[in-house]
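To start, the structure itself, in structure tokens.
Because the structure is a prediction, the values reported are computed rather than measured. Whatever order the structure lists them in is the order used to number ligands and atoms, beginning at 1.
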Amino acid sequence: MNFHTRKWVKPEDLNPNGTLFGGTLLRWIDEEAVIYAIVQLGNPKVVTKFISEINFVSSATLGEIIELGIQATYFGKTSITLTCEVRNKITRKSILTIDKLVFVNLDENGNPVPHGKTEITYAFAGDRP
Ligand SMILES: CC(=O)SCCNC(=O)CCNC(=O)[C@H](O)C(C)(C)COP(=O)(O)OP(=O)(O)OC[C@H]1O[C@@H](n2cnc3c(N)ncnc32)[C@H](O)[C@@H]1OP(=O)(O)O
């Protein structure tokens, strides 16, 4: 799993207990995951369909740097399934895991359309391996 996106936990990201607000983390993950799906499927019209159980393993606090890891685990006909882990960048301690996030490839009318992909590709990743 590649951990490309880093976030620095700032005051506006906290809940009233002083730890990273779960809703903020989920917003970051949904955006990161849909970008991953868009790049893999080569189509900007992709939507979130399903997110499985979310396990908040440990909390993050002010000033910590966290990193978001996403990986494709299954290519369906119109869908792609991803898995996600968020961890502390320095200590590598796990903060959250999501087993399955399913995204659906849409046509210009918003209907599911086959994407024709079967494996992870790096078409839009420049020279990154
Ligand atoms: C990034 C964002 O913020 S997007 C915003 C939030 N998301 C949305 O607004 C999406 C709203 N939902 C929708 O518009 C519709 O449900 C659609 C168009 C995505 C899908 O419509 P459906 O009638 O469910 O389509 P359909 O039954 O053909 O399923 C499409 C794919 O999703 C998969 N799927 C459908 N329901 C589920 C589910 N509950 N869990 C996992 N996969 C599912 C199907 O297996 C299929 O995949 P496949 O073709 O690879 O086998």
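Contacts between P112 and ligand 1, counted as non-hydrogen atom pairs separated by less than 4.0 Å, involve the side chain only. Using a 4.0 Å cut-off between heavy atoms, T48 contacts ligand 1 through both its backbone and its side chain. The proximity of T78 to ligand 1, defined as any non-hydrogen pair under 4.0 Å, involves the side chain as well as the backbone. Residue contacts with ligand 1, taken as heavy atom pairs separated by less than 4.0 Å, do not involve N111 at all. The parts of K77 lying near ligand 1 are both backbone and side chain, judged by heavy-atom distances below 4.0 Å.
Side-chain N or O atoms of T24 include none that pairs as donor or acceptor with a backbone N or O of L14 at under 3.5 Å. Counting only distance, with no hydrogens or angles, the side chain of N43 and the backbone of K45 share a donor-acceptor pair below 3.5 Å. The closest donor-acceptor contact from the side chain of W8 to the backbone of E64 lies at 3.5 Å or more, if one exists at all.
Nearest residue to atom 18 (C) of ligand 1 from V47, I38, L106 is L106 (criterion: closest heavy atom).
Nearest heavy-atom pair, A33 versus F103, reported as atom, atom and distance to 0.1 Å: CB-CZ, 3.5 Å. Counting all heavy atoms, side chain and backbone alike, D13 lies closest to L20 at O-CD1, 3.4 Å.
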Exercise for review: Output, in order, the C-alpha distance, side-chain angles, deciding distance and verdict of side chain to side chain contact (heavy atoms under 4.5 Å, CB included) for I66 and W28.
Suggested key: CA-CA 11 Å; I66 65 171; W28 291 343; 3.8 Å; yes

Practice item. Carefully, step by step, assess I38 and Y36 under the rule side chain to side chain contact (heavy atoms under 4.5 Å, CB included). Key: CA-CA 6 Å; I38 286 168; Y36 183 105; over 6 Å; no

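For the side-chain contact (heavy atoms from CB on, under 4.5 Å) test with I80, the passing option among N105, V102, L41, T73 is L41; the others fail. A side-chain contact (heavy atoms from CB on, under 4.5 Å) with I54 is found for one member of L101, L96, L25 and no other, namely L96. Checking each of L82, I51, T5, V86 against I29 for a side-chain contact (heavy atoms from CB on, under 4.5 Å) leaves exactly one that passes, namely V86.
Protein non-hydrogen atoms do not reach within 4.0 Å of atom 11 (C) of ligand 1. In this structure, atom 36 (N) of ligand 1 is in close contact with the protein, since a protein heavy atom lies within 4.0 Å of it. Put simply, atom 45 (O) of ligand 1 has no protein non-hydrogen atoms near it, under 4.0 Å away. Per-atom contact check: atom 24 (O) of ligand 1 touches the protein, criterion being a heavy-atom distance below 4.0 Å. In this structure, atom 30 (C) of ligand 1 is in close contact with the protein, since a protein heavy atom lies within 4.0 Å of it. Atom 5 (C) of ligand 1 is not flagged as protein-proximal [any protein heavy atom, distance under 4.0 Å]. Protein heavy atoms are found inside the 4.0 Å sphere centred on atom 2 (C) of ligand 1. Checking atom 42 (N) of ligand 1 against the protein gives a heavy-atom contact under 4.0 Å.
Residue-ligand proximity, V34 to ligand 1, at heavy-atom distances under 4.0 Å covers atoms 1 (C). Using a 4.0 Å cut-off to heavy atoms of V102, the atoms of ligand 1 that qualify are 41 (C), 42 (N). The ligand atoms of ligand 1 that sit less than 4.0 angstrom from a heavy atom of G76 are 50 (O). With ligand atoms numbered from 1 in the order given, ligand 1 contributes 3 (O) to contacts under 4.0 Å with heavy atoms of D30.
With hydrogens left out, the protein atom closest to atom 39 (N) of ligand 1 is F50 CD1, 3.8 Å, a heavy atom. Here the heavy atom of the protein found nearest to atom 16 (O) of ligand 1 is K49 NZ, 2.7 Å. For atom 47 (O) of ligand 1, the nearest protein heavy atom (residue, atom name, distance) is S79 OG, 3.2 Å. The nearest heavy-atom contact from the protein to atom 32 (O) of ligand 1 is V104 CG2, 3.4 Å.
Under a cut-off of 6.0 angstrom, the local environment of NZ in K10 is crowded, with over 12 non-hydrogen atoms contributed by other residues, nucleotides or ligands.
Defined by atom type and a distance below 3.5 Å, a donor-acceptor pair is missing between the side-chain atoms of E85 and T97.
A salt bridge links R87 with E67; the closest basic N to acidic carboxylate O contact falls under 4.0 Å.
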